[in-house]
Amino acid sequence: MNIHYKNITIKTTPSVYEPSEDSFLLAEAALSEIKDSERILEVGCGSGIISALIKTNTKAKIVGIDINPYAAACTKENDIDVIRGDLLNAIKGKFDMIIFNPPYLPTAKEESTEDWINVALDGGYDGRRIIWRFLEDAGNHLAENGRILMLVSSLTGIEEIKSKMRAMNYAIEDLIQERFMFEQLTVIKGTKIHAP
Ligand SMILES: C[S@@+](CC[C@H](N)C(=O)[O-])C[C@H]1O[C@@H](n2cnc3c(N)ncnc32)[C@H](O)[C@@H]1O
């Protein structure tokens, strides 16, 4: 299936997260934050829609990573450099910005299913399981003044995520938020404060 968004058209395939309001909100925030030739990593790139928008509209150098092989193949088909891997495990080097629209839905064990769409949505019992794992390593891959742009939901606990990030030495800013029927989505920017 083809998806048209702003000035791009991308392909999506079954077993890959279909771009939705969360994808579009994060894409908007990323476009407004990226400065020309920055190095950008998109974790959990899915179809590659956010990366494709960045590639088309900025001079930034972008690479995506996703654990889902179908997502990695789809992103590649959409002409984005991509790696298949678990969060940042396969990543070497540092980036000016790391973008992540994580799986954030609180999901009890008995609700989870054995398919790749579950991997795109299932954030564990409190919605924060993958986010915590991501934050443990993300700082190691940020260049000086590097920042994280992450989509978070009221279903997941926005304040909990912000206070964890503050405790990890990030300065936090809300970039954009929107209310939907069941949740509020916010894109937060975390800028790593490096010790002098
Ligand atoms: C909510 S979807 C977002 C997809 C896309 N970025 C978008 O906004 O449309 C979350 C994505 O994270 C990926 N993902 C989940 N766990 C991951 C992990 N441990 N490592 C890498 N990617 C992961 C999923 O496969 C999925 O593509």
First locate atom CD1 of I161, then atom CD1 of I188, and finally report the distance between them rounded to the nearest 0.5 Å.
-> 6.0 Å
Under a 4.5 Å side-chain heavy-atom rule over Ile, Leu, Val, Met, Phe, Trp and Tyr, are I10 and W116 clustered together?
-> no
For N7 and N57, what are the C-alpha separation, side-chain angles and deciding distance, and is it a side chain to side chain contact (heavy atoms under 4.5 Å, CB included)?
-> CA-CA 9 Å; N7 59 346; N57 291 288; 2.8 Å; yes
Working to the nearest 0.5 Å, report the span between CG of L26 and CD1 of I176.
-> 9.5 Å
Ignoring hydrogens and geometry, is there a side-chain-to-backbone donor-acceptor pair from N68 to V16 under 3.5 Å?
-> no
Does some side-chain heavy atom of V43 sit less than 4.5 Å from a side-chain heavy atom of I98?
-> yes
How close do M168 and L135 get, heavy atom to heavy atom, and via which atoms?
-> CE-O, 3.2 Å
What about I40 and F24, same hydrophobic cluster or not, with Ile/Leu/Val/Met/Phe/Trp/Tyr joined at side-chain heavy-atom distances under 4.5 Å?
-> yes
Quick check: does any side chain N or O of D96 sit under 3.5 Å from a backbone N or O of N145, one acting as donor and the other as acceptor?
-> no
If you look only at pairs with a residue in residues 126-135, which of them pass as a salt bridge (Lys or Arg N to Asp or Glu O under 4.0 Å), with sequence neighbours excluded?
-> D86-R133, D122-R129, D126-R128
Under 6.0 Å from the NZ atom of K11, do we count more than 12 heavy atoms belonging to anything else shown?
-> no
How far apart are the closest heavy atoms of I62 and D81, and which atoms are they?
-> O-CB, 4.1 Å
Find out whether P106 and L155 are in side-chain contact, i.e. whether some heavy atom of one side chain is under 4.5 Å from a heavy atom of the other.
-> yes
L185 and S153: which non-hydrogen atoms are nearest, and at how many Å?
-> CD2-CB, 3.8 Å
Shortest non-hydrogen pair, L149 vs A30, comes out as CD2-CA, 3.6 Å
Would a distance-only check, ignoring hydrogens and angles, find a side-chain to backbone donor-acceptor pair under 3.5 Å from S32 to A29?
-> yes
Enter the distance from E183:CD to T156:OG1 here, rounded to the nearest 0.5 Å.
-> 7.5 Å
Decide whether Y17 and D66 meet the rule of one side-chain donor and one side-chain acceptor closer than 3.5 Å.
-> no
Would you name the heavy atoms of V82 and C45 that are closest together and state the gap between them?
-> CG2-SG, 3.9 Å
Determine the sole option in T186, I99, I50, N101 for which the side-chain contact (heavy atoms from CB on, under 4.5 Å) test with L151 is passed.
-> N101
So do K6 and E28 actually touch side chain to side chain, heavy atoms under 4.5 Å?
-> yes
Sidechain-backbone polar pair: T75 side chain, G46 backbone, donor-acceptor under 3.5 Å | yes
Under 3.5 Å: donor-acceptor pair, side chain of R147, backbone of E33 | yes
First locate atom CG of L142, then atom CG of D137, and finally report the distance between them rounded to the nearest 0.5 Å.
-> 10.0 Å
Output for pair (I172 CD1, K189 NZ), nearest 0.5 Å, gives 10.5 Å
Are I49 and M97 linked, directly or through other ILVMFWY residues, by side chains that come within less than 4.5 angstrom of each other?
-> yes
Would you please name every residue forming a ring-ring contact (aromatic ring centres under 6.0 Å, His included) with Y104, sequence neighbours left out?
-> none
Does anything in residues 118-174 pair up under ring-ring contact (aromatic ring centres under 6.0 Å, His included), and if so which pairs, sequence neighbours excluded?
-> F100-F134
Indicate the atoms forming the closest heavy-atom contact of C74 with T12, along with that distance.
-> SG-CA, 3.8 Å
Short N-O contact, K55 and D79, less than 4.0 angstrom = yes
Heavy-atom check, side chain of L41 versus side chain of L88, under 4.5 Å | yes
Cluster question for you: counting only ILVMFWY and a side-chain heavy-atom cut-off of under 4.5 Å, with indirect links fine, are I83 and L87 together?
-> yes
Where the side chain of D115 meets the backbone of I117, is there a donor-acceptor pair that is under 3.5 Å apart?
-> yes
With a 4.5 Å heavy-atom cut-off, do E173 and T191 have their side chains touching?
-> no
With no hydrogens and no angle check, is any side-chain donor or acceptor of K94 less than 3.5 Å from a backbone partner on R39?
-> no
To the nearest 0.5 Å, tell me how far S112 OG sits from N118 CG.
-> 5.0 Å
Can I148 and M165 be said to form a side chain to side chain contact (heavy atoms under 4.5 Å, CB included), step by step?
-> CA-CA 10 Å; I148 292 171; M165 288 181 73; 4.2 Å; yes
Hey, any chance I8 and M1 share a hydrophobic cluster, counting ILVMFWY side chains that come within less than 4.5 Å of each other, even indirectly?
-> yes
Count the heavy atoms belonging to other residues, nucleotides or ligands that lie under 6.0 Å from NZ of K162, then report whether that count exceeds 12.
-> yes
Please check if the side chain of N78 supplies one atom and the backbone of S47 the other of a donor-acceptor pair under 3.5 Å.
-> yes
